[in-house]
Amino acid sequence: MRRVNVPLAGRSYSIYAGQGLLARLGEHCRRLRLGERCAVLTDRNVEPLYAGRALDALRAAGFDPLLVTVPAGEGAKHLKVVAQCYDQLAAHRLERRSFVVALGGGVVGDLAGFVAATFLRGIDFVQVPTTLLAQVDSSVGGKVGVNLRAGKNLVGAFHQPRVVLCDLDTLASLPDREYRAGLAEVIKYGIIRDARLFGLLERRMPGLLRREPALLSDVVVRCCRIKADVVGADETEGGVRAILNFGHTLGHALEAVSRYGRYLHGEAISIGQVLAARLSSENLGLPHREASRIVRLFEAAGLPVEVRLNRSQRRALVDAMRHDKKVSGGVVKFVLAPRLGEARYGIALATEQVERAIAEAGKVASWRR
Ligand code: NAD
Ligand code: GLY
């Protein structure tokens with residue numbers, strides 16, 4: 001088991017990554033002196049796989065857990081589902097010292113965290129991420145929330161978990177498509193912060209796709225270190241934390257215009273990062289060779305890099321970008337990379353330039369080499 005610290009003064013916490021961690025959930029909660037009554041919030045896919053083990057571990061450590069199961073998928077990040085969760089927590093008489101365990105992917109983590117942030121004006125929560133994406137990204141850093149029809153994550157809070165337990169064994173049951181979607185966030189860390197990680201991913205992608213345990217553990221820990229470092233420097237995204245949104249402005253817009261149905265989050269930000277690489281070459285001089293390496297790495301991970309849209313779809317996409325949380329004074333701000341391993345944030349681009357880049361996003365193959 002390896003440990004990464006998220007340095008946030010009084011709200012600091014540990015991320016543990018290793019095998020068999022689910023069985024030790026109760027022990028970790030006990031060590032944190034969390035209240036006896038709690039809720040394990042999970043989704044319909046994860047429940048039959050891991051909820052029993054989580055409940056057993058909590059009961060063995062003297063806790064009284066309630067199981068709350070929500071539908072699987074992005075649709076669960078909805079205020080209606082939040083209200084249903086509140087009702088169940090209230091019926092189980094959760095109190096101020098009680099806590100919520102988020103057992104699942106990023107959807108469950110964001111939803112459970114939001115429920116915990118707001119129920120009784122805020123109770124503790126513990127993250128037990130079971131997707132690669134959640135282990136390397138969404139379970140760390142305290143961004144929690146749900147979607148509105150107008151856009152993704154438009155209602156939310158910053159609410160840090162008390163501990164994050166990344167049980168690498170749970171990744172064995174993850175469908176291939178979901179696993180690859182998680183690799184989009186892994187590649188992101190290489191682009192924005194760690195050129196050596198990017199190089200490792202280029203060399204070892206076949207092993208990573210086979211989920212080789214030692215490699216996977218190494219990669220998860222390296223990503224968590226980067227995220228912990230960035231969040232420790234800027235918890236509430238006043239500045240540098242924005243670099244974690246590389247590729248997300250277009251990615252979130254793609255998810256919204258396709259009504260969260262066509263693309264997984266990781267797939268949408270794969271396309272978004274390829275577009276951001278193109279805009280980085282045009283605006284910050286990212287060498288063409290490095291932009292090509294970025295495209296090739298997403299392709300090697302089996303992720304989409306192109307999107308073909310007609311004129312009205314492009315308009316809808318640019319419109320959706322204007323609804324992004326990162327918009328300020330009506331101007332869409334981008335995160336771009338001047339070179340591999342470094343990112344700059346807050347870059348305003350003319351709408352026409354973005355529209356043109358989107359129009360050319362269906363021809364990525366032509367600038368891959
Ligand atoms: P997800 O939570 O929908 O999980 C993907 C699918 O895998 C679901 O069907 C789920 O039921 C299933 N699943 C989960 N664990 C499994 C396992 N071990 N075995 C088999 N099936 C399993 O999606 P995700 O990709 O984990 O997360 C995406 C969400 O995370 C999006 O809503 C995104 O906005 C959010 N996100 C949040 C942050 C943040 O900082 N809070 C960062 C990145 C992404
Ligand atoms: N995933 C973006 C962030 O946590 O800030």
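Model, not experiment: these values are computed from the prediction.
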I would like to know whether E352 and R356 meet salt bridge (Lys or Arg N to Asp or Glu O under 4.0 Å); could you show each step before the answer? CA-CA 6 Å; E352 301 75 54; R356 187 177 39 71; over 6 Å; no
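- Here the side chains of D137 and K227 are in contact, with some heavy-atom distance below 4.5 Å.
- For E299 and R296, the salt-bridge test fails: no basic side-chain N is under 4.0 Å from an acidic carboxylate O.
- Side chain of Y189 to backbone of V136: a donor-acceptor contact under 3.5 angstrom is found.
- Residue R196 places its CZ atom among 12 or fewer non-hydrogen atoms of other residues, nucleotides or ligands, all under 6.0 Å distant.
- Using a 30° and 60° split on the angle between ring planes, F119 and Y86 fall in the parallel class, below 30°.
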Applying side chain to side chain donor-acceptor pair (under 3.5 Å), run through H265 and E185 and close with a yes or a no. CA-CA 10 Å; H265 176 72; E185 299 282 8; 3.2 Å; yes
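- Formation of a donor-acceptor pair under 3.5 Å by the R44 side chain with backbone atoms of T69 is not found in this model.
- Between the side chain of S280 and the main chain of A337, a donor-acceptor pair closer than 3.5 Å is present.
- By the 6.0 Å contact criterion, CZ on R204 is open, its count of non-hydrogen atoms from other residues, nucleotides or ligands being 12 or less.
- Panel note: side chain N245, backbone H248; no donor-acceptor pair is recorded below 3.5 Å.
- The distance from the CD1 atom of I269 to the CG atom of L264 is 11.0 Å, given to the nearest 0.5 Å.
- Clustering ILVMFWY residues whenever any of their side-chain heavy atoms sit less than 4.5 angstrom apart, transitively, puts L132 in the very cluster that holds I226.
- Although no hydrogens or angles enter the test, the distance criterion places a donor-acceptor pair under 3.5 Å between the side chain of R241 and the main chain of E235.
- Looking only at side-chain heavy atoms (C-beta outward), R11 and V6 stay at 4.5 Å or farther from each other.
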